[in-house]
Amino acid sequence: MKEKGLVNFFETYIQKEPLFKDKTALQSNYTPESISHRDEQIQNIANILAPALRSEKPSNIFIYGKTGSGKTLTVRYTANQLTNVAHAKKLAIKTIYLNCKLKKLADTEYRLIAQLLREYGKEIPPTGLPTDEVYHIFFNTIDKEKHNLILILDEIDQLVGKAGDELLYNLTRINSELKNAQITLIGISNDLVFTDNLDPRVRSSLSEEELIFPPYNALQIQDILHQRAKAAFRPDTLEEGLIEKCAAYAAREHGDSRRALELLRVAAEIAERDGSPTIKITHLDIAEEKIERDRALDLIAGQPKQFQVTLLSIIESCSQKNGVYTGDIYSLYEKYCDHIGLRPLTQRRISDVIGELDMLGIIKAPVISKGRYGRTREISIGTNDAITQRMKTMLVQELGIA
DNA sequence: CGAGATTCATGTGAAGTATACCTTTAGGCTTAA
DNA sequence: AAGCCTAAAGGTATACTTCACATGAATCTCGTA
């Protein structure tokens, strides 16, 4: 009986008109055929990169703009077009796109170069080789290929924050040592201030050209959403005013188009699961909450155990009182470690862990001075209560705390 | 009352250690001439 | 003798520890009004 119900479920599932026509159109890595409201920037980048077609070295570019202002998309799009032309004319141009934010992939000097080499099909061990050596291999590889390399470093501020600017210095200088190849750097960042802390030499060579992407305004976001929705959904599946609402949500977040698209996609998924023939505004609200929750849960699930225990201590402490400081967290952390038989790290290290959790945006932990009562971090949770609660239960389960 | 010294709790930098992983090298074993 | 495998030696990156010093405003101290 039960099985029959399941079969029925699947059958009706197939028969049901799907809301989606092409779901990929809403995914963040989707590249539409044309990019709206970024003509000026595309033209700019194209102008700067064009010399590559004559085997000259284009200027390095530094691009700044808030999240979801189309930086990545625009750059990739332009670079792709360029390589297409180059391919047609048999010119050796290669572009590599690398997101420095991805943990364990490109967040240190060594790992970044290793990742680049992987793009060339070379396997580089995760550790063991001298960094110099890896540089050397990289050198030889691109020099042998004799081409113009356009290297797009996304979220470059993350990289500099973790690995320092030496890498960038090396990369900008690399050209003078290459005989047959050239590298053009395109740095993408959503933090403009970060260039201030850069070595002046790096700064000047990285930002030979600077481009600023202004955030989209609500109308532009609407426009983008309309376009993508047209590609993604069957006709008449959107409730009246849905896109407007969605755009309004995103405009509130400084015109983040990525967020707007994600919101729309998740709302649609929820609607589909509900069996609703159209996507309603109520689905948007659920979607907004779900996105934030998933993001937070994903983030912490991927963290090492020590981070999780630390986070649990923080959540627990914060729920009991406000005004939580490093010392409180550490003693509770030690207790938990003892409880689950984990060797506790030193307070020094936990201090750094707390700092990293802060960087991830899960918690807020600014350093404050309490005068006579010392200097510490004032720690608080960065998400809303419902999500925090979910995080807690997940952590408790994951760590096996009774 | 106010300027300067004091103090606390922990931030933070530097240097050292443990671990995991890498390449190179030398010795021992196998194999084929 | 040449070729292959294995284990030891020597090297690196990373996460963490240890040590020592830095921080910065509330509070204290003490001279002065």
Side-chain angles (χ1 to χ4, degrees), chain A residues 98 100-118 120-141 158-171 194 196-199 299-314 317-318 320-338 340-360 362-380 382 399:
Chain A
L98 212 55
C100 309
K101 197 178 178 179
L102 301 175
K103 223 185 167 181
K104 302 282 175 196
L105 205 64
D107 63 346
T108 70
E109 199 173 348
Y110 182 94
R111 294 212 257 247
L112 188 125
I113 301 286
Q115 188 58 31
L116 287 179
L117 280 167
R118 226 158 278 150
Y120 282 95
K122 302 226 167 170
E123 265 315 305
I124 296 295
T127 167
L129 291 187
T131 309
D132 289 357
E133 183 63 23
V134 184
Y135 263 113
H136 216 76
I137 301 174
F138 181 59
F139 252 54
N140 294 339
T141 313
Q158 299 280 331
L159 176 69
V160 174
K162 284 203 131 176
D165 50 14
E166 201 163 316
L167 165 75
L168 291 180
Y169 179 65
N170 288 335
L171 280 178
F194 113 98
D196 294 352
N197 311 323
L198 237 45
D199 185 318
L299 207 56
I300 59 177
Q303 297 298 323
K305 242 185 180 156
Q306 299 286 3
F307 281 60
Q308 295 182 347
V309 180
T310 311
L311 185 59
L312 181 61
S313 310
I314 292 170
S317 285
C318 285
Q320 281 169 16
K321 57 172 182 173
N322 27 358
V324 180
Y325 308 111
T326 307
D328 308 334
I329 299 299
Y330 189 68
S331 42
L332 186 59
Y333 160 81
E334 276 185 307
K335 225 184 280 173
Y336 277 132
C337 279
D338 187 46
I340 60 176
L342 194 66
R343 197 169 64 85
L345 301 176
T346 46
Q347 181 154 352
R348 174 71 185 83
R349 178 62 186 147
I350 293 302
S351 176
D352 284 348
V353 170
I354 293 174
E356 282 180 54
L357 288 172
D358 183 29
M359 287 278 283
L360 288 172
I362 302 175
I363 61 169
K364 295 197 187 314
V367 179
I368 55 157
S369 177
K370 291 187 294 154
R372 182 73 169 67
Y373 304 106
R375 219 165 86 93
T376 182
R377 296 188 129 106
E378 188 174 57
I379 300 162
S380 57
L399 297 168

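Fair warning: this is a prediction, and the values are worked out from it, not measured in the lab.
The distance from atom CZ of A:Arg349 to atom C1' of B:dG11 is 15 Å, rounded to the nearest whole Å. A:Tyr333 has its OH atom 16 Å from the P atom of B:dT10, to the nearest Å. Here the P atom of nucleotide C:dT12 and the CD1 atom of A:Ile137 are 15 Å apart, to the nearest Å. Between A:Ile354 atom CD1 and B:dT10 atom C1' there is a gap of 11 Å when expressed in whole angstrom units. Following rounding to the nearest Å, A:Tyr325 (OH) and C:dT23 (P) show an atom-to-atom distance of 22 Å. Atom P of nucleotide C:dT14 and atom CD of A:Glu356 are separated by 13 Å, given to the nearest angstrom. As a whole-Å value, the separation of A:Ile379 CD1 from B:dA9 P is 16 Å. Spacing between atom CG of A:Leu345 and atom C1' of B:dT17 amounts to 15 Å, rounded to whole angstrom units.
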Name the pairs: protein N/O against N/O of nucleotides 13-16 of chain B, kept only if under 3.5 Å.
unit_1: B:dG13; atom_1: N7; unit_2: A:Arg348; atom_2: NH2; d: 2.9
unit_1: B:dG13; atom_1: O6; unit_2: A:Arg348; atom_2: NE; d: 2.7

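A 4.5 Å side-chain heavy-atom check between A:Ser351 and A:Arg377 finds at least one atom pair inside the cut-off. Within the 4.5 Å cutoff, the side chain of A:Leu312 has heavy atoms near those of the A:Leu399 side chain. Side-chain atoms of A:Asp338 and A:Glu334, non-hydrogen and from C-beta on, never get closer than 4.5 Å to each other. Contact annotation: the side chain of A:Glu378 approaches that of A:Tyr325 to within less than 4.5 Å [non-hydrogen atoms, C-beta and beyond]. Between A:Val309 and A:Ile340, some side-chain heavy-atom pair lies under the 4.5 Å cut-off.
For the segment residues 364-378 of chain A, residues with any heavy atom less than 4.0 angstrom from an atom of DNA chain B are, sorted by number, A:Val367, A:Gly371, A:Arg372, A:Tyr373, A:Gly374, A:Arg375, A:Thr376, A:Arg377.
Take A:Arg348 and apply the side-chain hydrogen bond (donor to acceptor under 3.5 Å, both in side chains) test, not counting sequence neighbours, and it matches A:Asp352.
Taking CG from A:Leu357 and CD1 from A:Ile379, the interatomic distance works out to 9.5 Å, rounded to the nearest 0.5 Å. Here CD of A:Gln306 is found 13.0 Å from CG of A:Leu311. Values are rounded to the nearest 0.5 Å.
You'll find the ring centres of A:Tyr330 and A:Tyr333 inside the 6.0 Å limit.
Listed pair A:Thr346 / C:dT18 fails the phosphate criterion, with no side-chain N or O lying under 4.0 Å from OP1 or OP2.
If you check B:dT10, C:dT17, C:dT14 against the side chain of A:Thr326, the one that comes closest is B:dT10.
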